[in-house]
Chemist: 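Below you will find the structure I want to go over with you.
One-based numbering, in listed order, for ligands and for the atoms of each.
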Amino acid sequence: MDHPGADPRPLIDILQRNGLLVAALPALEGGLDLGLVPQRNSLLAEVLMTIGRGSLPMGRLFEGHVNALDLIHRFGDGEQMRRAAADVREGCLFGVWATDDPSRPLRMTAEGRLEGRKILASGAGRLLRPLVTATTEEGVRLIAPRLRPGERSEVRSWTASGMQVSATGSVDFTGMMTREADRIGPPGCYQKEPYFTGGAWRFLAVQCGGVEELVQLMRHHLRRLDRDGDPHQRRRLGECMVAAETARLWVRKAALVYGSAEEETVLAYVQLSRHAVERAALDVLERVQRSIGLQAFLRPSPVERVARDLATYLRQPGPDRALDNAAALAFAAEQAGWP
Ligand SMILES: Cc1cc2nc3c(=O)[nH]c(=O)nc-3n(C[C@H](O)[C@H](O)[C@H](O)COP(=O)(O)OP(=O)(O)OC[C@H]3O[C@@H](n4cnc5c(N)ncnc54)[C@H](O)[C@@H]3O)c2cc1C
């Protein structure tokens, strides 16, 4: 499954078989409210970390599913939520495709016709219920098109070294007609804060799982080779455990803050969390590769795959801006400190 053009369907099937697709639905629709109510954020953090430990591409797909259903629940009407829930119960994975092809960004005409293309769209060809952002005269709208397997998509452009089975390809919507019922919420709802920026805590939780997995793989490797008595290896393992726990603590608190704190605190805390988790992951990657050596680069070793997936998945939008924004909010705040 770890090759260019790999089919993510087996990952979606695992999510479905284990009840995770449905868990992201409201309780009224038979779900667990996972990702929909603040009281479930701690549970969601643990679920995302656990999935991330097993498979970062699966975590990416599930994180997008949770994000999309949260947007429909928050901004959609009752009928849109019921329709989405019926699709989820049928095994449909949802996701959010917001990244535009810079040369052909997605637009919607006044008649409801889509023109343009999404890129970096996880699950392309297999994810049949995306939410896509489209520019209109009224502002950015959130649209819920319905796709058939393979329709309008291509994954050849997904040549990243890691996260290959996430099928993060492109989808051309040109010519597709949308109806009023396909439009979720008012113009601009997708970027409503603190959900837009604050929701980043979910991908951090998945990344955190990948960090934990790497540390465990390193520990097993060194024990197997009887290298666990060496003081240099012990020091690096200790440093990795500190980094992994740091990431976990930031993620767990970000999950709590996201559901309960003032908007500015959420924005500052989650954007700082991005820096903390990225730093921890990079520290772990460096130490794991140094400790294991060349073996960490030989396929098909799990260390090689997880390191490649993590390094790729760490690349999320605007990391410099996130830290800068958080620091600016801290300077502007009346009081220092966190809730
Ligand atoms: C595995 C994977 C799956 C994905 N799936 C999806 C998906 O399903 N849907 C979706 O919409 N997107 C998806 N994305 C895309 C993702 O949301 C981001 O758009 C993408 O990862 C941005 O990465 P980047 O490194 O190019 O970011 P950039 O923001 O371009 O950052 C690169 C560097 O440039 C700096 N920088 C950013 N802006 C500026 C500027 N104006 N001036 C100077 N420097 C700047 C940054 O701080 C950073 O150092 C996915 C990405 C990955 C890796």
Side-chain angles (χ1 to χ4, degrees), residues 1-2 4-6 8 11-12 15 48 51-52 55-71 93-102 104-106 116-135 140 142-145 147 152-155 157-173 190-191 195-207 209-210 270-272 274-275 277-279 281-282 305-328:
M1 272 180 40
D2 177 39
L11 302 186
I12 302 171
L15 290 170
L48 290 169
I51 298 177
S55 163
L56 285 167
M58 191 192 292
R60 162 78 278 271
L61 293 171
F62 183 61
E63 190 274 319
H65 179 76
V66 171
N67 187 12
L69 290 169
D70 180 39
L71 287 164
L93 177 77
F94 279 65
V96 180
W97 294 342
T99 311
D100 280 306
D101 177 344
R104 294 175 55 209
L106 191 64
R117 199 166 162 261
K118 288 294 176 189
I119 59 168
L120 297 178
S122 288
R126 289 296 187 179
L127 191 160
L128 309 181
R129 298 291 182 271
L131 295 192
V132 298
T133 50
T135 305
V140 174
L142 202 47
I143 316 290
L147 295 168
R152 296 171 177 271
S153 63
E154 66 87 20
V155 289
S157 56
W158 185 233
T159 56
S161 61
M163 300 293 279
Q164 293 179 340
V165 70
S166 68
T168 302
S170 60
V171 183
D172 194 333
F173 288 96
Y190 173 65
Q191 284 130 325
Y195 316 110
F196 178 61
T197 300
W201 79 264
R202 290 183 301 255
F203 71 66
L204 298 179
V206 179
Q207 292 171 352
V270 172
Q271 292 184 101
L272 287 179
R274 284 189 56 181
H275 184 74
V277 172
E278 184 191 11
R279 191 62 265 156
L282 292 172
R305 175 178 44 78
V306 178
R308 196 159 28 85
D309 284 347
L310 182 61
T312 304
Y313 192 30
L314 280 181
R315 294 303 122 224
Q316 293 298 321
D320 298 327
R321 192 171 56 242
L323 183 61
D324 184 66
N325 286 346

Chemist: List the atom pairs, with distances to 0.1 Å, where a side-chain N or O of residues 310-317 and a protein N or O form a donor-acceptor pair under 3.5 Å, not counting sequence neighbours.
Modeler:
residue: T312; atom: OG1; partner: G162; partner atom: N; Å: 3.1
residue: T312; atom: OG1; partner: R308; partner atom: O; Å: 2.9
residue: R315; atom: NH1; partner: E278; partner atom: OE2; Å: 3.1
residue: R315; atom: NH2; partner: E278; partner atom: OE2; Å: 3.0
residue: Q316; atom: NE2; partner: Y313; partner atom: O; Å: 3.0

Chemist: Under 3.5 Å, is there a donor on one side chain and an acceptor on the other for R60 and S122?
Modeler: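 There is such a pair between these side chains.
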
Chemist: Applying ring-ring contact (aromatic ring centres under 6.0 Å, His included), name anything that partners Y195, two or more places apart in sequence or on another chain.
Modeler: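 Y195 satisfies ring-ring contact (aromatic ring centres under 6.0 Å, His included) with no other residue.
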
Chemist: Any idea which heavy atoms bring L127 and P130 closest together, and the distance?
Modeler: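 L127 and P130 have their closest heavy atoms at CD2-N, 3.5 Å.
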
Chemist: Kindly write out the residues that satisfy side-chain contact (heavy atoms from CB on, under 4.5 Å) with T133, not counting sequence neighbours, or none if the list is empty.
Modeler: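 Testing T133 for side-chain contact (heavy atoms from CB on, under 4.5 Å), a comparison that skips the adjacent residues, returns A98, K118, V140, L142, Y190.
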
Chemist: Name each N or O atom in ligand 1 that is under 3.5 Å from a protein N or O, and give the partner atom and the distance.
Modeler:
residue: ligand 1; atom: 5 (N); partner: R60; partner atom: NH1; Å: 3.2
residue: ligand 1; atom: 5 (N); partner: L120; partner atom: O; Å: 3.3
residue: ligand 1; atom: 5 (N); partner: S122; partner atom: OG; Å: 2.8
residue: ligand 1; atom: 8 (O); partner: R60; partner atom: NH1; Å: 2.9
residue: ligand 1; atom: 8 (O); partner: S122; partner atom: N; Å: 3.0
residue: ligand 1; atom: 8 (O); partner: S122; partner atom: OG; Å: 3.4
residue: ligand 1; atom: 9 (N); partner: V96; partner atom: O; Å: 3.0
residue: ligand 1; atom: 9 (N); partner: L120; partner atom: O; Å: 3.2
residue: ligand 1; atom: 11 (O); partner: A98; partner atom: N; Å: 2.8
residue: ligand 1; atom: 11 (O); partner: T99; partner atom: N; Å: 3.0
residue: ligand 1; atom: 11 (O); partner: T99; partner atom: OG1; Å: 2.8
residue: ligand 1; atom: 12 (N); partner: T99; partner atom: OG1; Å: 2.9
residue: ligand 1; atom: 12 (N); partner: L120; partner atom: O; Å: 3.2
residue: ligand 1; atom: 21 (O); partner: R315; partner atom: O; Å: 2.6
residue: ligand 1; atom: 29 (O); partner: G318; partner atom: N; Å: 2.8
residue: ligand 1; atom: 47 (O); partner: D320; partner atom: N; Å: 3.1
residue: ligand 1; atom: 47 (O); partner: D320; partner atom: OD2; Å: 2.7
residue: ligand 1; atom: 49 (O); partner: D320; partner atom: OD2; Å: 3.3

Chemist: Ignoring hydrogens and angles, tell me if any N or O in the side chain of H65 forms a donor-acceptor pair with the backbone of G95 under 3.5 Å.
Modeler: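 The answer is no, because no donor-acceptor pair under 3.5 Å joins these two groups.
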
